[in-house]
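Reading through the structure tokens given below for one structure.
Values below: every heavy atom of this structure, side chains too, minus hydrogens, waters and symmetry copies. The model shown is predicted, which means the values in this text are computed figures rather than measured ones.
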Amino acid sequence: MMDPLLNARLRPILRRLQWRRVAIGLAACWGAVLLLALALLALKRVAGGVPWWTRPALAALAASGAVWTLWRLWRTRPGLTE
């Protein structure tokens with residue numbers, strides 16, 4: 001059994017760790033979508049255009065990636081052993 005004082009001191013650290021993992025996961029997800037958008041922008045300049053559905057597809061990709069990232073992090077969140 002963990003000491004209650006130690007448990008109380010570790011909870012804020014654990015919460016900060018969880019929020020940091022969420023921030024890093026979302027930044028990685030949205031960074032990947034940004035790289036894809038930049039590649040499509042380069043393709044637009046070279047080829048003269050891209051299909052009309054690229055913007056909605058990028059938005060859907062960013063949203064679904066964020067949901068998947070949050071779900072994955074929620075399933076594997078660290079906890080204190082009591």
Side-chain angles (χ1 to χ4, degrees):
M1 178 136 186
M2 187 180 291
D3 181 32
L5 180 62
L6 179 62
N7 194 355
R9 290 192 179 240
L10 286 177
R11 288 246 177 246
I13 296 170
L14 183 63
R15 195 172 310 118
R16 229 181 1 244
L17 174 66
Q18 289 172 342
W19 280 111
R20 184 174 294 155
R21 289 179 65 208
V22 166
I24 290 171
L26 289 176
C29 171
W30 293 334
V33 173
L34 174 67
L35 289 176
L36 182 60
L38 290 174
L40 287 173
L41 183 63
L43 179 68
K44 179 181 177 182
R45 288 186 180 212
V46 171
V50 291
W52 64 270
W53 48 266
T54 55
R55 284 184 186 166
L58 284 174
L61 184 64
S64 63
V67 168
W68 179 80
T69 300
L70 291 174
W71 177 75
R72 182 180 52 90
L73 290 174
W74 179 75
R75 283 188 58 222
T76 60
R77 63 182 168 192
L80 296 174
T81 307
E82 298 192 37

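- With sequence neighbours excluded, the residues forming a side chain to side chain donor-acceptor pair (under 3.5 Å) with R21 are T76, listed by chain and number.
- Taking L58 as the reference, V33, L36, A37, L40 meet the side chain to side chain contact (heavy atoms under 4.5 Å, CB included) condition, with sequence neighbours excluded.
- Residues satisfying the side chain to side chain contact (heavy atoms under 4.5 Å, CB included) criterion with L35, sequence neighbours excluded, are absent altogether.
- We find the CG-CG distance between L38 and L43 to be 12.5 Å, quoted to the nearest 0.5 Å.
- When each of R11, R16, R15 is tested with I13 by the rule side chain to side chain contact (heavy atoms under 4.5 Å, CB included), just one qualifies, namely R16.
- No more than 12 heavy-atom neighbours from other residues, nucleotides or ligands sit within 6.0 angstrom of CZ on R55.
- One finds the CG atom of L17 at 7.0 Å from the CZ atom of R20 (value rounded to the nearest 0.5 Å).
- The shortest non-hydrogen separation linking A62 to C29 is O-SG, 4.1 Å.
- Atom CG of residue L73 and atom CD1 of residue I24 lie 9.5 Å apart, to the nearest 0.5 angstrom.
- Follow the hydrophobic side-chain contacts under 4.5 Å out from L26 and you never reach L61; the two are in separate clusters.
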